[in-house]
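For reference, the structure discussed in these notes is given below.
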Amino acid sequence: KAEGRNQTLIMEFILLGFGDIGEFQPLLFLLFLAIYLVTLSGNLLIVALVVVDSRLHVPMYFLLGNLSCVEICYTSTFLPRLLASLLTGDRTISVKGCLVQLYFFGALSSTECLLLTAMSYDRYLAICHPLRYAALMNGPVCGQLVAGSWTSSSLSCSIVIIFLLQSTFCDAKEIDYFFCDFSPVVKVSCGDTRTLQLVTSIISNIGALVPFLLILTSYICIIVTILKIPSTTGRRKAFSTCSSHLIVLTVFYGAVITVYVFPTANTPKILRKIFSVFYTVLTPMINPVIYSLRNKEVNDAFRKAVLKLAALRH
Ligand SMILES: *[C@@H]1O[C@H](CO)[C@@H](O)[C@H](O)[C@H]1NC(C)=O
């Protein structure tokens, strides 16, 4: 209990980030700047292609375009601030700013997870129920899935924030992380956090488990169906429509496991932090690369757009 302690409410936190890393600071700044620029341009390219090219106006690519929008916002919740503090050395963040960051980071990462689930469902329908695909997955359904992902993530994150707003922050000003994520912030709040932790663990466990099981079920059905296709070319063709998505899923869940499950007490702290920032930014950065390199339709759309731009210039 905080009573009895010298309780001065604080207005700002200090995000310790990577600590005192001295001469590595400019290097890290350049590394994260490069990551941020690649992420922004790659995802903007995907959004532009999906909007402009009419051959990509199908649910699968609408979902991909929306995923890219989410990834742009998601990286923008913490990378610009991290870059600024690496550049200026100013590590303070107001309590309000910190909670805003926490809210948007949480809501956007869970939207990303739900969109990846919707994309699995779309691939499941396309491969396991090809004849009913057009009836089951179309513009309106896709719009509902997108809207549902956004609303359920923002609602569940709002519940967490409402509980978090009731806790007070005193004494401990330092957050030992590079942005305001839930558990580092709860660590510095004073008073009783049991209800908050219970509510959050229920919400985050449901929020993580349900999409994971849905994705797993979809892919088990997809693989079983593909294995039943008699011809090799047919099998390869069916698999090629979901391979990019499968790689993105693997990277996403690999990253989640590395950041939240893998770290042990023995791993050096600085290494753990660099790992977790790297994996936090990895999925958004790599997603457009995978789609533009591996997916034939995105690839064609890109080539066509480049040719058009070149023709305009002449
Ligand atoms: C997002 O999804 C909606 C609904 O399907 C679609 O109309 C819109 O074009 C998508 N946005 C992008 C950028 O792909």
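Counting starts at 1 for both ligands and their atoms, following the listed order.
In this structure, the separation between SG on Cys98 and CZ on Arg81 is 8.5 Å, given to the nearest 0.5 Å. If you take CD1 on Ile229 and CZ on Arg236, they are separated by 12.0 Å, rounding to the nearest 0.5 Å. One distance of note links CD1 of Ile203 with OG of Ser158; it measures 9.5 Å at 0.5 Å rounding.
With respect to atom 10 (C) of ligand 1, the closest heavy atom belonging to the protein is Asn66 ND2, 2.7 Å. Regarding atom 4 (C) of ligand 1, its nearest protein heavy-atom neighbour is Gly143 CA, 3.6 Å.
Near Cys142, meaning under 4.0 Å from one of its heavy atoms, ligand 1 places the atoms 5 (O). Near Val50, meaning under 4.0 Å from any of its heavy atoms, are these atoms of ligand 1: 14 (O).
At a cut-off of 3.5 Å, with distance as the only test, a side-chain donor of His129 or Tyr124 sits close to an acceptor on the other residue.
Under the 4.0 angstrom criterion, atom 7 (O) of ligand 1 counts as lacking any protein heavy-atom contact.
Residue pairs meeting the salt bridge (charged side-chain N to carboxylate O under 4.0 Å, His left out) criterion with at least one partner in residues 297-309, sequence neighbours excluded, are Asp53-Lys304, Lys296-Asp300.
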